[in-house]
Amino acid sequence: MPPAQSQVAAALLILAIVLAQWTSLPPSQGNGNFSDVRRKGMDSYCSSNDGCGVQADRARHSFMHGNEPFPDYNKQGIAAAKRGNLLEAAELFRAALAHTPHRGDCWGNVGLALTNFCTARLEKGDRPSECLGYFREALAAYDVGVLLGNEQSASLKMQSLKIFSKYYPSERCGSDDCPTFARERDAMALEGEQSHIGAVRKLCRSAKDVTVRVSVRETATGLLSAVSMRRVAVILQICGVVVLENVFDPGVTDGIASAFEVELRRRMSSLTAAAAAKASGRPRSKGAGEERDMAERGIRRFEIKLPLGPPYLDVGFVANRMMLSAVKSQLSTKIELDTFSCVVSLPQAPNQDWHSDVAELFPRRAGSLPTPVPPHGIVAIVPLLNAYSAESGPTEFYTGSHGPGPEHGFWIDNVTATPRLRLAAPPGGAVLFDVRLRHRGTRNKSSQPRAIAYLGYMREWAFDRVNFKEPQTRQFDQLPTTALKKLFTRLDRQHYVKFLESLVAESGIANLSEVRSRGNYRQVELEA
């Protein structure tokens, strides 16, 4: 068994032992009044004056303000649960999820803490008003745990459902939106039966079906509730694309839009000239339209790399807590930005061809590999300029096309098998999609350029080798075949950097020790 798999297996075994011990934990004592659970999320399970303890208060402050390093809040939560402080435990587990939302065991722990807290109260004859909301949150947390590979969450959910049905017999589904819940449940059942296309047709019928509105309370804490995270995980897994509303501070995105508008004006003459050259039909060099910081993406459409400086590096933009919570739930904390650009469609830019940004890691058909194969990248589209109306040409997504088809090449040969959705996030929102999903920009019928920020978050081992050229040496040009060029692309690029460094050192232009990172970090410890 590979080391990574053995580590996962060991973690699951330890979790099973811990969770088995939890079922007999004593009830929490003296926790006072607790926050009511609203439709889409909660501010916290308890506040500092609820007797939750100093640890939970520090944890809440840490994940709200992005303090590093992150303590092992999951371990602290287990200790709190053993003391009988179950809401403090839930808060600590939630703090763990602020940094590691991909951990199914932590989601299971949230569900167990909330279930045990309310079970103890209900068995005493109390009926706390918040427990209906806590049970709904617990059931959603178990679902997220299962979606993220924690098998114990499934059995724990079955136990919780029995308790929930006993004390809330009039509740039909464990959710305050039963039609949506039922549709997502049925779609997941079809996915489990390896009927991916059936699941997509069931769930991904309209923009509303793939939209999750982040509540004010969730925005305040920077954490998606279990109810919201379940929807995000299910929609991304089946449809391949989700719209998150109310994610960004408008002041942050407005500042970036203003800065890029200046950059766009500076580049406009070169863009229009490039568009005219492409439209003329005259022969162009083989590499025309592909520069290091700009590339054509069809007729009258361009991708421009964003500068690595202010205001584009605003933490509220590139490392937005709500957006990263959704991204990391699918990819883990070992992620890097591979694409940091803006896609511009000039007025009258036509529809693009359907395409995926990168090739599949493992080309497959239904049943040939375990379903689903996890994504290796998530792209975030953030509207900047003239990007909110249907007239300016929003991106159209071929839902489900990131998943297996009945045969190889199915999604290329069939473009009407599942719903195609044109999605434009509202101000303050973002569209997240699986990097494998087929999509296209649509016609810009307006009189103004349309600009969207394009942020590609990738697992640390995945690289986009398709969309932008990287610098290579002149010796690379002399390699006699494309096969050799492909084989030596990575090594030649490293040689190119070393060669430039030697030139700089010999010329005395700059002291490389003042330019290079000091390296005061361990590569293996870097996490987003």
Side-chain angles (χ1 to χ4, degrees), residues 65-70 99 252 255-256 258-267 270-271 285 287 289-295 302-321 324 327-328 331-342 377 380 453-479 484-528:
H65 297 282
N67 294 350
E68 295 186 44
F70 290 89
H99 180 52
V252 171
I256 289 168
S258 297
F260 187 73
E261 189 172 18
V262 173
E263 175 71 9
L264 184 58
R265 283 200 298 267
R266 185 181 71 82
R267 289 177 174 265
S270 63
L271 296 181
S285 65
E290 289 188 14
E291 301 175 16
R292 287 183 58 180
D293 65 346
M294 186 274 289
F302 302 88
E303 184 173 1
I304 301 168
K305 288 188 176 181
L306 291 174
L308 299 184
Y312 303 104
L313 299 187
D314 192 306
V315 172
F317 177 58
V318 295
N320 178 275
R321 289 177 299 169
L324 276 191
V327 169
K328 291 194 293 185
L331 302 179
S332 88
T333 58
K334 296 290 187 177
I335 58 173
E336 300 176 3
L337 269 170
D338 188 76
T339 304
F340 189 57
S341 60
C342 195
Y454 211 75
L455 312 181
Y457 298 89
M458 304 287 279
R459 296 184 191 268
E460 61 182 359
W461 45 261
F463 293 86
D464 178 358
R465 299 300 192 203
V466 176
N467 288 298
F468 281 102
K469 289 180 178 177
E470 296 290 345
Q472 309 286 165
T473 67
R474 281 296 177 92
Q475 287 88 344
F476 182 83
D477 294 338
Q478 296 169 9
L479 292 173
L484 281 175
K485 284 185 169 69
K486 181 59 178 173
L487 286 172
F488 282 95
T489 295
R490 191 174 304 190
L491 296 176
D492 181 80
R493 189 162 52 250
Q494 294 171 5
H495 181 66
Y496 178 83
V497 173
K498 289 181 180 179
F499 179 68
L500 288 183
E501 288 182 342
S502 67
L503 288 179
V504 170
E506 290 171 6
S507 67
I509 294 174
N511 185 345
L512 285 177
S513 64
E514 296 177 356
V515 177
R516 289 197 196 105
S517 165
R518 292 188 175 88
N520 296 329
Y521 60 90
R522 293 184 64 195
Q523 189 72 26
V524 71
E525 293 177 351
L526 295 182
E527 294 182 334

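These figures come from a predicted structure and were not determined experimentally.
The closest donor-acceptor contact from the side chain of Lys334 to the backbone of Leu526 lies under 3.5 Å.
Minimum interatomic distance between Glu470 and Arg493 (heavy atoms only, all atoms of both residues): CB-CD, 3.3 Å. Taking all atoms of both residues into account, the shortest heavy-atom contact from Cys342 to Ala453 is SG-N, 4.1 Å. Of all non-hydrogen atoms in Asp477 and Lys485, the two that sit nearest each other are O-NZ, 3.6 Å. A pairwise comparison of heavy atoms in His99 and Thr333 identifies O-CG2, 3.0 Å as the closest pair. The minimum heavy-atom distance between Ala505 and Leu512, with the atom names listed, is CB-CD1, 4.4 Å. Residues Thr339 and Glu303 come closest through the heavy atom pair CG2-OE2, 3.4 Å.
Phe302 CZ to Ser341 OG: the interatomic distance, rounded to the nearest 0.5 Å, is 14.0 Å. To the nearest 0.5 angstrom, Leu324 atom CG is 10.0 Å from Leu455 atom CG. A distance of 11.5 Å separates CD in Glu291 from NZ in Lys305, rounded to the nearest 0.5 Å. Rounding to the nearest 0.5 angstrom, the gap separating the CD atom in Gln494 from the NZ atom in Lys498 is 6.5 Å. Here CZ of Phe463 is found 6.0 Å from CD of Glu336. Values are rounded to the nearest 0.5 Å. Between Met458 atom CE and Leu337 atom CG the span is 11.0 Å, to the nearest 0.5 Å.
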Set out, in order, the CA-CA distance, both residues' side-chain angles and the distance that settles side-chain contact (heavy atoms from CB on, under 4.5 Å) for Leu271 and Ile304, then state yes or no. CA-CA 10 Å; Leu271 296 181; Ile304 301 168; 4.1 Å; yes
Derivation of the side-chain contact (heavy atoms from CB on, under 4.5 Å) call for Thr489 and Phe476: CA-CA 8 Å; Thr489 295; Phe476 182 83; 3.9 Å; yes
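Using cut-offs of 30° and 60° on the angle between ring planes, the pair Phe340 and Tyr312 is perpendicular.
Using a 4.5 Å cut-off on side-chain heavy atoms (C-beta onward), Val497 and Glu501 make contact. By the 4.5 Å heavy-atom criterion applied to side chains, Leu479 and Gln472 are not counted as neighbours. Contact annotation: the side chain of Val515 never approaches that of Val504 to less than 4.5 Å [non-hydrogen atoms, C-beta and beyond].
Residues Glu263 and Arg266 are paired through a salt bridge, judged by an N-O separation under 4.0 Å between the basic side chain and the carboxylate.
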